[in-house]
Trainee: 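Okay, handing you the structure first.
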Amino acid sequence: FYGCTAQDNNSSKTLEINLTDIESKENLHIFNSFATLLSYALVLISLILIVNYTGAVLRLHINKNKRNLGTLTAFGYPNKTIISLYLRITATILGGSFLISYLLVWPLGFFGFEAFLGVFGLSDALSDVSFAHIPIYYSVPLFVLLPLAVVAWRIQGQLKATPGDLVYDR
């Protein structure tokens with residue numbers, strides 16, 4: 001039905017088929033699939049970079065606090081107490097930063113995306129496109145629980161050394 005028009009030339013009826021509409025819809029489907037693939041790739045790369053950066057910051061934090069770990073061990077605190085103390089500190093920092101970032105992404109993402117489309121004059125053409133962020137049931141394990149597990153694992157590894165090795169960086 002697309003692109004078909006009846007032509008009336010001197011009482012002879014012919015049917016002319018115009019395939020440009022069909023080709024443009026096929027091209028739009030290809031472009032849409034490519035854009036979807038790129039957006040998934042961008043999200044995946046972003047997640048990898050965020051987890052990598054968070055892990056590097058946590059490793060740096062633990063390495064800076066080797067002396068504190070050694071001091072607490074030298075004072076006789078059990079390893080479980082030291083690990084739980086650092087996990088509570090890390091959970092407070094991660095939970096607060098996650099909550100702030102999640103609450104800021106919501107309005108900035110929706111309004112920022114609309115403004116971005118408006119600047120380029122695409123708000124009418126892309127009215128079906130909307131902003132969506134990672135659901136909280138995916139993002140909490142990825143950005144809060146996974147770093148906490150890494151911190152617990154790294155601190156347990158650090159606590160295998162003697163207090164003197166931790167304090168004097170041996």
Trainee: Work out which heavy atom in Leu148 is nearest to a heavy atom in Ala91; give both atom names and the distance.
Mentor: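 Scanning both residues completely, I find the closest heavy atoms to be CD2-N, 3.6 Å.
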
Trainee: Linking I/L/V/M/F/W/Y whenever their side-chain heavy atoms sit closer than 4.5 Å, directly or via other members, would Val150 and Val140 fall into one cluster?
Mentor: no

Trainee: Any link between Tyr53 and Leu49 through a network of hydrophobic side chains (Ile, Leu, Val, Met, Phe, Trp, Tyr) touching at under 4.5 Å?
Mentor: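 No; tracing contacts between hydrophobic side chains, which count when under 4.5 Å, never links both residues.
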
Trainee: Return the CZ to CD1 distance between Phe75 and Ile82, rounded to the nearest 0.5 Å.
Mentor: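 Here the interatomic distance stands at 11.0 Å.
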
Trainee: Between CG of Asp165 and OG1 of Thr162, what distance do you get to the nearest 0.5 Å?
Mentor: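 Going from CG on Asp165 over to OG1 on Thr162, the span is 3.0 Å.
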
Trainee: Just verifying a value: how many Å separate Leu159 CG and Asn79 CG, rounded to the nearest 0.5 Å?
Mentor: 4.5 Å

Trainee: Consider only side-chain heavy atoms of I, L, V, M, F, W and Y, link residues closer than 4.5 Å, and tell whether Ile93 and Val144 are in one cluster.
Mentor: yes

Trainee: To the nearest 0.5 Å, how far apart are CG in Leu72 and CG in Leu85?
Mentor: 7.0 Å

Trainee: Tell me whether Tyr102 shares a hydrophobic cluster with Tyr138, the cluster being built from Ile, Leu, Val, Met, Phe, Trp, Tyr side chains joined at under 4.5 Å.
Mentor: yes

Trainee: When you look at Asn63 and Arg154, which way does the side chain to side chain contact (heavy atoms under 4.5 Å, CB included) test go after all the steps?
Mentor: CA-CA 9 Å; Asn63 285 335; Arg154 294 287 296 185; 3.9 Å; yes

Trainee: With Arg88, which residues qualify under salt bridge (charged side-chain N to carboxylate O under 4.0 Å, His left out), at least two apart?
Mentor: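 Here no residue qualifies.
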
Trainee: With hydrophobic residues grouped by side-chain heavy-atom distances under 4.5 Å, do Ile89 and Leu146 end up in a single group?
Mentor: yes

Trainee: Where do Ile136 and Pro141 come nearest, in terms of heavy atoms and distance?
Mentor: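 Result for this residue pair: O-CD, 4.1 Å.
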
Trainee: For Tyr40, which of Thr36, Leu44, Leu37, Val43 qualifies under side chain to side chain contact (heavy atoms under 4.5 Å, CB included)?
Mentor: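 Among the candidates, only Thr36 passes.
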
Trainee: Measuring from atom CG of Leu69 to atom OH of Tyr77, what distance do you get when rounded to the nearest 0.5 angstrom?
Mentor: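 Result: 13.0 Å between the selected atoms.
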
Trainee: Distance check, rounded to the nearest 0.5 Å: Leu99 atom CG versus Leu103 atom CG?
Mentor: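 Leu99 CG to Leu103 CG: 4.5 Å, rounded to 0.5 Å.
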
Trainee: In chain order, what residues pass the side chain to side chain donor-acceptor pair (under 3.5 Å) check against Asn68, with sequence neighbours excluded?
Mentor: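 Asn68 satisfies side chain to side chain donor-acceptor pair (under 3.5 Å) with Asn65 once adjacent residues are dropped.
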
Trainee: How close do Pro163 and Gly70 get, counting heavy atoms only, and between which atoms?
Mentor: CB-O, 3.4 Å

